[in-house]
Amino acid sequence: MVIPAGWFWMGSESGQENERPVHRVWIDSFYLAACQVTNAEYDRFLNATASDVPPLWNDPNFNHPEQPVVAISWFDAVTYSEWLSAIGGRKYRLPTEAEWERAARGGVEGNLFPWGDGPAESLSNYAQRWKTGPEPVARCAPNGFGLYDICQNVHEWCSDWYQPDYYANSLERNPRGPEAGERRASRGGSWRHHIKVTRCAARSSIPPQFRYADYGFRLAADLS
């Protein structure tokens, strides 16, 4: 999906300390995948490259073809994007934190969630969903930019290094995070958390080599 260029207010005054200060950011237009990368898509990469399968590849809670692929490290996600770039005629990559939040908001300023300010528990059938793993992608309505499962299902890797106080010194236009760090940034909710859908501004991070059962990714690309 094309995410249009524009300004937005990044962060949240009502969120965690690492979401402050709220600051104005410009993002150039870019592509962001409508869905998280699925097992079916990742399977084509595995077959083409003879790469090792992820740790939970054969677990029936995680191996439906249309579920997002999980237990993917940041390095795995980057390798997949490089492979797809080589065969797809476009340079794919992970989105930055700022791109991800701009996209998650769907063109609407100030809302806590893609649908508004109502709590996650207000979603239809919330109590029955995400019992043993992520859902197959695109089973519910997309946000205002046509993105499915944004803020839910699995955490999504971002390209940035993570720094808790980065917002205090962030660039105003197309910020790409600090130059170095120990953890990579991620965004979005998780099927295994108590609250399974996260706010648009919520930040998370883990070391890039970790492979967790609630970590996946979706791809971005530049327009030109």
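All of these numbers come straight from a predicted model, not from anything done at the bench. Just so you know, residue 1 is the first one in the sequence shown, and it goes up from there.
- In this structure, Arg203 fails the cation-pi test against Tyr166, since its NZ or CZ atom is not both closer than 6.0 Å to the six-membered ring centre and inside 45 degrees of the ring normal.
- At least one cation-pi condition fails for Arg102 and Phe30: the charged atom is not both under 6.0 angstrom from the six-membered ring centre and inside a 45 degree cone around its axis.
- Here the CZ atom belonging to Arg192 is positioned 7.5 Å from the OH atom belonging to Tyr212, to the nearest 0.5 angstrom.
- Ion pairing of Glu97 with Arg187 is present here, as a side-chain N (NZ or NE/NH1/NH2) and a carboxylate O approach within less than 4.0 Å.
- Summarising the geometry, atom CH2 belonging to Trp57 is positioned 4.5 Å from atom CG belonging to Asn39; distances are rounded to the nearest 0.5 Å.
- Atom OH of Tyr42 and atom CZ of Phe217 lie 6.0 Å apart (nearest 0.5 Å).
- Rounding to the nearest 0.5 Å places OG of Ser73 at 11.0 Å from CZ of Arg184.
- Counting only heavy atoms from C-beta outward, the side chains of Trp26 and Glu172 never approach each other to under 4.5 Å.
- One N or O on the side chain of Ser204 and one on the backbone of Ser186 form a donor-acceptor pair closer than 3.5 Å.
- Side chain of Asn174 to backbone of Asp28: a donor-acceptor contact under 3.5 angstrom is found.
- Distance alone, capped at 3.5 Å, is enough to place a donor-acceptor pair between the Asn47 side chain and the Asp43 backbone.
- Not a single donor-acceptor pair under 3.5 Å links the side chain of Gln152 to the backbone N or O of Asp149.
- Contact annotation: the side chain of Pro68 approaches that of Val137 to within less than 4.5 Å [non-hydrogen atoms, C-beta and beyond].
- When the shell of 6.0 Å around CD of Glu17 is examined, it contains 12 or fewer heavy atoms from other residues, nucleotides or ligands.
- The backbone N or O of Tyr167 sits nowhere less than 3.5 Å from a side-chain atom of Ser170 that would complete a donor-acceptor pair.
- Within the 3.5 Å criterion, the main-chain N or O of Asn63 finds no donor-acceptor partner in the side chain of Asn58.
- Side-chain contact between Arg218 and Leu147 is present, with heavy atoms from C-beta onward closer than 4.5 Å.
- With hydrogens and angles ignored, the 3.5 Å screen pairs no side-chain donor or acceptor of Arg20 with any backbone N or O of Gly11.
- One distance of note links CH2 of Trp157 with CD1 of Ile72; it measures 10.5 Å at 0.5 Å rounding.
- Taking 4.5 Å as the limit, some side-chain heavy atom of Arg173 sits within range of a side-chain heavy atom of Trp7.
- Cys140 has its side chain out of reach of Tyr148: every pair of non-hydrogen atoms, C-beta onward, lies at least 4.5 Å apart.
- Remark: side-chain polar atoms of Ser85 are paired, donor with acceptor, to backbone N or O of Tyr92 under 3.5 angstrom.
- For the pair Glu135 and Lys196, the salt-bridge criterion is not met [side-chain N within less than 4.0 Å of a carboxylate O].
- Between Trp74 and Trp161, the angle of the ring planes stays under 30°, which puts this pair in the parallel group of the 30/60° scheme.
- Thr198 contributes atom OG1, which lies 8.0 Å from atom NE2 of His155 (distance to the nearest 0.5 angstrom).
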_If you apply the rule side chain to side chain contact (heavy atoms under 4.5 Å, CB included), what do you find for His193 with Asp214, and how did you get there?_
CA-CA 9 Å; His193 286 195; Asp214 57 349; 3.7 Å; yes

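- In terms of hydrophobic clustering, with Ile, Leu, Val, Met, Phe, Trp and Tyr side chains grouped at heavy-atom distances under 4.5 Å, Trp100 and Val108 are assigned to different clusters.
- Side-chain contact between Ile87 and Trp83 is present, with heavy atoms from C-beta onward closer than 4.5 Å.
- Using a distance-only test at 3.5 Å, with no hydrogens or angles considered, a donor-acceptor pair links the side chain of Ser29 to the main chain of Ile3.
- Other residues, nucleotides and ligands contribute at most 12 non-hydrogen atoms within 6.0 Å of the CD atom of Glu179.
- A donor atom on one side chain and an acceptor atom on the other are found under 3.5 Å apart for Asn18 and Tyr162.
- Under a cutoff of 6.0 Å and an axis angle of 45°, Arg90 and Tyr31 form a cation-pi pair.
- Side-chain atoms of Glu99 and Arg93, non-hydrogen and from C-beta on, do get closer than 4.5 Å to each other.
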Side-chain atoms of residues 111-124: list all donor-acceptor pairs with protein atoms under 3.5 Å, sequence neighbours left out, distances to 0.1 Å.
residue: Trp115; atom: NE1; partner: Gly118; partner atom: O; Å: 2.9
residue: Asp117; atom: OD1; partner: Leu112; partner atom: N; Å: 2.8
residue: Ser122; atom: OG; partner: Pro119; partner atom: O; Å: 2.5

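- Ser12 is listed as a side-chain neighbour of Arg199, based on a closest heavy-atom distance under 4.5 Å.
- Here the side chain of Asn143 pairs a donor or acceptor atom with the backbone of Ala104 at under 3.5 angstrom.
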